[in-house]
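A short write-up of the structure that comes next.
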2 protein chains.
Amino acid sequence: MISKDLLKGTLKTIVLRLLEENGRMYGYEITREVERLTEGKVQLSWGALYPALHKLESDHLITSEEESIGKRVRKYYRLTESGTSAAKEKIREFIDFVTIMGRVLDTGPSLNLA
Amino acid sequence: MISKDLLKGTLKTIVLRLLEENGRMYGYEITREVERLTEGKVQLSWGALYPALHKLESDHLITSEEESIGKRVRKYYRLTESGTSAAKEKIREFIDFVTIMGRVLDTGPSLNLA
DNA sequence: AATATACATATAAAATTCCGATATATCCAA
DNA sequence: TTGGATATATCGGAATTTTATATGTATATT
């Protein structure tokens, strides 16, 4: 299980990146995909995810469209144009972050950056 | 400049690691060292650092000793025994975190882990 | 038929954490 | 004597996250 402190601040990066890769996804699907990719080591909480999605939407980085699945309503999100830029930027930022942190923490060869 | 969101949750890791490497340091020195190591890209704010140091001390991960430099008092911090373990653990956690995030974000060869 | 689990979105309360501003004070160089 | 670097510290507020709760459908198990 990954420390929650470290995950703080990466939620939006994760969401934007997954949407960039998969085109469109709904909330529940995002949590599932993250669990799958991390073999259960990262579990997004609903209380964090949904507010984050709403924030991204109000910032116009993503848009949503509701779809009826039987009697249930499912809300799909996809990136806007500025969301696509934001996703790329966030990834770059993350790589910078890891590079810099590697230097500060002097983690040695277990953390190599190209 | 590294995004503040990403730095969230790494402050204690940074402090513990620097103390592990340097034996003993005082607050101001820590901010200077981080600035030096990151070429100015990471600037710890006093408002974050001092409360963090106090928290680490009350958790018995570090201890402090005051020293007079001329008329000024300087507060040196060093790791306790459990602080040393905590430092190692935090580094391991960080490496795990980067490994997992690399998979989620699918950052490709720009982020290689041993 | 009843119950549990998975699916699905959402919010409110509480805790944490961090940032920006502010306060205080010394030392040294121009 | 003024400003910049050194040095520690706290307060108020903002932002984010966790926990808990609410609501309801669909499906599988017993």
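Numbered from 1 within each chain, the chains take letters A, B, ... in sequence-line order.
- Put simply, CD on Glu67(A) is 11 Å from P on dT9(C), counting in whole angstrom units.
- When each of dA8(C), dA10(C), dT10(D) is scored by its nearest atom to the side-chain atoms of Tyr50(B), the top-ranked nucleotide is dT10(D).
- Atom CG of Leu49(A) is separated from atom P of dA10(C) by 10 Å (rounded to the nearest Å).
- Nearest to the side chain of Tyr26(B), among dA8(C), dT8(D), dT16(D), sits dT8(D).
- The CD1-P distance, from Ile2(B) to dC19(C), rounds to 13 Å in whole Å.
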Requested in this report: Starting from the C-alpha separation in whole Å, work towards a yes-or-no answer on side-chain hydrogen bond (donor to acceptor under 3.5 Å, both in side chains) for Thr84(A) and Glu20(A).
Outcome: CA-CA 7 Å; Thr84(A) 306; Glu20(A) 194 189 15; over 6 Å; no
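- Looking at the side chain of Tyr28(A), the nearest of the listed nucleotides dT8(D), dA8(C), dT16(D) is dA8(C).
- dA5(D) atom C1' lies 12 Å from atom CD of Glu35(B), rounded to whole Å.
- Inter-residue side-chain proximity for Thr10(A) and Val104(B) is flagged as unmet; no heavy-atom pair is nearer than 4.5 Å.
- Counting non-hydrogen atoms under 4.0 angstrom, Gly47(B) reaches a base of the nucleic acid.
- Each of Leu11(A) and Gly70(A) was matched to the nucleotide of DNA chain D holding its nearest heavy atom; the match closer to the 5' end belongs to Leu11(A).
- Put simply, Ser45(A) has no side-chain N or O that comes within less than 4.0 Å of OP1 or OP2 on dT17(D).
- Contact annotation for Lys12(A): backbone-only contact, meaning every heavy-atom pair under 4.0 Å involves sugar-phosphate atoms and none involves a base.
- Proximity of Ile14(B) to Met101(A): side-chain heavy atoms (C-beta onward) are separated by under 4.5 Å at one or more points.
- With dT17(C), dT9(C), dT18(D) as the candidates, the nucleotide lying closest to the side chain of Arg74(A) is dT9(C).
- Side-chain contact check for Glu33(A) versus Met25(A): some heavy-atom pair is nearer than 4.5 Å.
- The side chain of Lys75(B) places an N or O atom within less than 4.0 Å of a non-bridging phosphate oxygen (OP1 or OP2) of dA9(D).
- To the nearest 0.5 Å, the span separating CD on Glu39(A) from CZ on Arg103(B) amounts to 5.0 Å.
- Taking every side-chain heavy atom of Lys4(A) into account, dT18(D) is the closest of dA9(D), dT18(D), dA8(C).
- One atom, NZ of Lys55(A), and another, P of dT9(C), lie 21 Å apart when rounded to the nearest Å.
- Comparing dA26(D), dA7(D), dT16(D) against the side chain of Arg72(B) picks out dA7(D) as the nearest.
- The side chain of Ala48(A) approaches dT18(D) more closely than any other nucleotide in the set dA10(C), dT6(D), dT18(D).
- Checking Glu29(A) against Asp5(A), the closest nucleotide of DNA chain C that is more toward the 5' end is the one next to Glu29(A).
- Between Trp46(B) atom CH2 and dT24(C) atom P there is a gap of 16 Å when expressed in whole angstrom units.
- Between Phe97(A) and Glu93(A) there is no side-chain heavy-atom pair separated by less than 4.5 Å.
- Between the side chain of Arg32(B) and the base of dT6(D) there is no donor-acceptor pair of N/O atoms closer than 3.5 Å.
- Distances shorter than 4.0 Å separate none of the side-chain N or O atoms of His54(A) from OP1 or OP2 on dT9(C).
- Regarding Ile69(B), its CD1 atom lies at a distance of 12 Å from the P atom of dC28(C), rounded to whole Å.
- The separation between Leu56(B) atom CG and dT17(C) atom P is 11 Å, rounded to whole Å.
- If Gly27(A) and Leu7(B) are placed on DNA chain C by their nearest nucleotide, the residue sitting closer to the 5' end is Gly27(A).
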